[in-house]
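Below is one structure, written out as structure tokens, with a few remarks after it.
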Amino acid sequence: MSHLRGLCYTPPMRLADEQLAALKRGTAAITTMEDLARKLALGRPLRVKLGLDPSAPDIHLGHTVVLRKLRQFQDLGHEVVALIGDFTGRIGDPSGKSETRRQLTEEEVEANAATYRQQIFKILDPERTKIDFNSRWLAPLNFAEVCELASKVTLARMLERDDFATRFRENRPVHLHEFFYALMQGYDSVALRADVELGGTDQTFNLMMAREIQRDYGQEPEVAVITPLLEGTDGVQKMSKSLGNYIGIDEPPATMFGKVMSIPDSMIGRYFEVLTTVPLPRVEELLAGNPRDAKAALAQTIVTDYHGDAAAQAAADEFARVFSRRELPTDMPEVLLTKSGLSSVDLVLACGMAASRGEARRLIQQGGVSLDGERLTDPIGDVALRDGAVLQVGPRRFARLRVARG
RNA sequence: GGAGAGGUACCGAAGCGGCCAAACGGGACUGACUGUAAAUCAGUUGGCGCUCGCCUUCGGAGGUUCGAAUCCUCCCCUCUCCA
């Protein structure tokens with residue numbers, strides 16, 4: 001649709017209004033709305049920047065919120081620059097985590113950036129995405145230039161950043177180099193002459209700083225389009241790999257589906273808003289019904305984005321089979337056993353379902369282990385093993401046993 | 001440079017000579033309940049020997065003691081105040 005835009009004349013203001021309305025969905029803030037309206041009304045493609053920190057090579061749904069917004073800009077005909085912070089990545093971004101992040105080596109940054117590149121194109125249109133690296137202009141800066149940049153900002157201004165202020169107040173370390181992150185990010189905007197920059201709410205400070213720095217360097221400040229941080233599957237903390245509450249976009253369909261189903265019911269609406277394009281009135285309808293069905297619809301929509309219709313349908317069916325109807329999954333790993341006489345503890349261990357004998361014993365004692373649907377209760381005695389028998393540990397771990405004939 | 005506070009298991013945080021494998025909370029796991037991997041409730045949560053036992057663990061290295069997460073020495077890291 002957007003590629004047709006050049007062919008038909010649309011009055012600029014009206015176009016701007018339409019764009020603005022669409023762009024507002026799922027944002028936490030736009031600074032400022034007026035600036036954005038005005039820039040959109042210019043009728044030229046805007047240069048939209050997104051900074052990517054290459055320390056997290058696995059993109060999860062939390063990252064996609066801002067990527068989807070970027071894609072929306074692309075579809076509206078704007079020019080997108082995905083800026084990989086290969087230089088800043090080596091400094092370590094203090095944002096989000098309340099502790100200092102370790103610095104990455106050059107090799108790590110390179111490897112991560114490659115992964116990033118490959119993953120963001122699951123959402124962005126590769127044809128209309130320019131990828132850049134900020135080492136291009138940051139690496140050549142000499143110390144005098146760095147000081148000049150640093151002179152634009154005061155300590156008090158830096159401490160306005162909530163994260164810094166909090167850590168400072170709570171007597172936790174704040175390293176000087178962390179201050180440079182915001183400076184560098186602002187300088188990126190100067191180097192790119194960005195009209196708009198996207199970022200999560202954790203980037204608010206950096207985005208505001210970029211506006212000021214652009215002004216200091218004689219440029220018109222970019223518009224900051226701020227997306228919310230998506231809560232993870234626990235529904236409380238922001239989605240992050242280190243918290244283990246994330247849904248990765250590279251994960252298998254069944255895993256993705258299951259993880260979406262594990263979010264608290266209260267999060268369904270929010271996920272719909274920022275992770276899908278399902279019209280909001282339709283979302284309201286779904287939310288009025290059974291939460292399980294709404295969540296299943298959400299899960300299917302999301303899985304479809306990354307794995308296609310067929311895989312999403314299969315994942316939905318599989319979920320219904322295993323969790324609703326308590327049937328066996330269609331696929332499960334096979335485990336080849338060489339001995340036919342094993343205690344149940346050894347069996348669980350042999351299938352890799354427990355990290356230690358103690359854990360295996362515990363699982364059995366808690367009633368979490370069954371063989372062919374029969375709960376195993378005795379950790380010690382040998383269990384009769386049939387070729388093709390199914391071992392289940394907990395609600396969702398299965399293995400088919402293959403007993404070697406000798 | 002000086003003075004003081006602190007570094008405990010996945011995370012937060014108690015403990016300050018034996019009753020400490022280490023309270024409590026979170027997380028995770030298991031069960032019950034749910035035609036949701038939601039919510040709620042209960043239990044489990046270092047390793048090895050099937051409830052007594054043994055081994056490894058409380059920033060690091062040594063030492064005191066029958067016995068140390070707990071006391072001493074040195075070192076590393078963080079914070080505060082002073083210079």
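Letters A, B, ... are given to chains in the order of the sequence lines, protein chains preceding strands, and every chain is numbered from 1.
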Fill in: Which atom of A:Gln214 lies closest to which atom of A:Glu222, heavy atoms considered
OE1-N, 2.8 Å

Item to complete: Examine A:Lys152 relative to A:Tyr217 and say whether NZ or CZ is less than 6.0 Å from the centre of the six-membered ring and inside a 45° cone about the ring axis.
Response: yes

Report the distance from atom [atom1] of [X] to atom [atom2] of [N], rounded to the nearest whole Å.
X        : N     : atom1 : atom2 : result
A:His175 : B:U78 : NE2   : P     : 6 Å
A:Phe398 : B:A37 : CZ    : P     : 11 Å
A:Ile364 : B:G43 : CD1   : C1'   : 17 Å
A:Ile263 : B:A38 : CD1   : P     : 11 Å
A:Arg357 : B:C55 : CZ    : C1'   : 16 Å
A:Met267 : B:U36 : CE    : C1'   : 16 Å

Do you see a donor-acceptor pair shorter than 3.5 Å between the side chains of [X] and [Y]?
X        : Y        : result
A:Gln119 : A:Lys122 : no
A:Lys49  : A:Ser189 : yes
A:Gln19  : A:His78  : yes

[N] pairs with which nucleotide, Watson-Crick or G-U wobble, both distances below 3.5 Å?
N     : value
B:A68 : none
B:C50 : none
B:U40 : B:A32
B:U56 : none
B:G17 : none

Discussion item. Need to verify one output field. Residue with the more 5' nearest nucleotide on RNA chain B, A:Arg361 or A:Thr255?
Written reply: A:Thr255

Report which part of the nucleic acid [X] touches: base, sugar-phosphate, or nothing (heavy-atom distance under 4.0 Å, all strands).
X        : result
A:Ala297 : nothing
A:Pro379 : nothing
A:Phe319 : base
A:Gly358 : sugar-phosphate

Contact between [X] and [Y] at the side-chain level, heavy atoms closer than 4.5 Å - yes or no?
X        : Y        : value
A:Val383 : A:Leu385 : yes
A:Gln300 : A:Phe319 : no
A:Val225 : A:Leu207 : no

Discussion item. I need a per-nucleotide contact map over nucleotides 24-35 of chain B, read 5' to 3'. Cutoff is protein heavy atoms under 4.0 Å; write B for the base, S for backbone only, - otherwise.
Written reply: -----SSSS-BB

Using the [atom1] atom as the reference point in each nucleotide, state the distance between [N] and [M] in Å, no decimals.
N     : M     : atom1 : answer
B:U80 : B:C10 : P     : 28 Å
B:A68 : B:C24 : C1'   : 23 Å
B:U57 : B:A21 : C1'   : 8 Å
B:C72 : B:A23 : P     : 25 Å
B:U30 : B:A37 : C1'   : 14 Å
B:U44 : B:C81 : C1'   : 46 Å
B:U45 : B:G25 : P     : 14 Å

Worksheet item: Would one find a side-chain N or O of A:Ser356 under 4.0 angstrom from OP1 or OP2 of B:G47?
Response: yes

Practice prompt. Measure distances between side-chain N and O atoms of A:Asn290 and base N and O atoms of B:U36, and say whether any donor-acceptor pair falls under 3.5 Å.
Written response: no

Worksheet item: Just by distance, do the side chain of A:Lys241 and the backbone of A:Tyr246 share a donor-acceptor pair under 3.5 Å?
Response: no

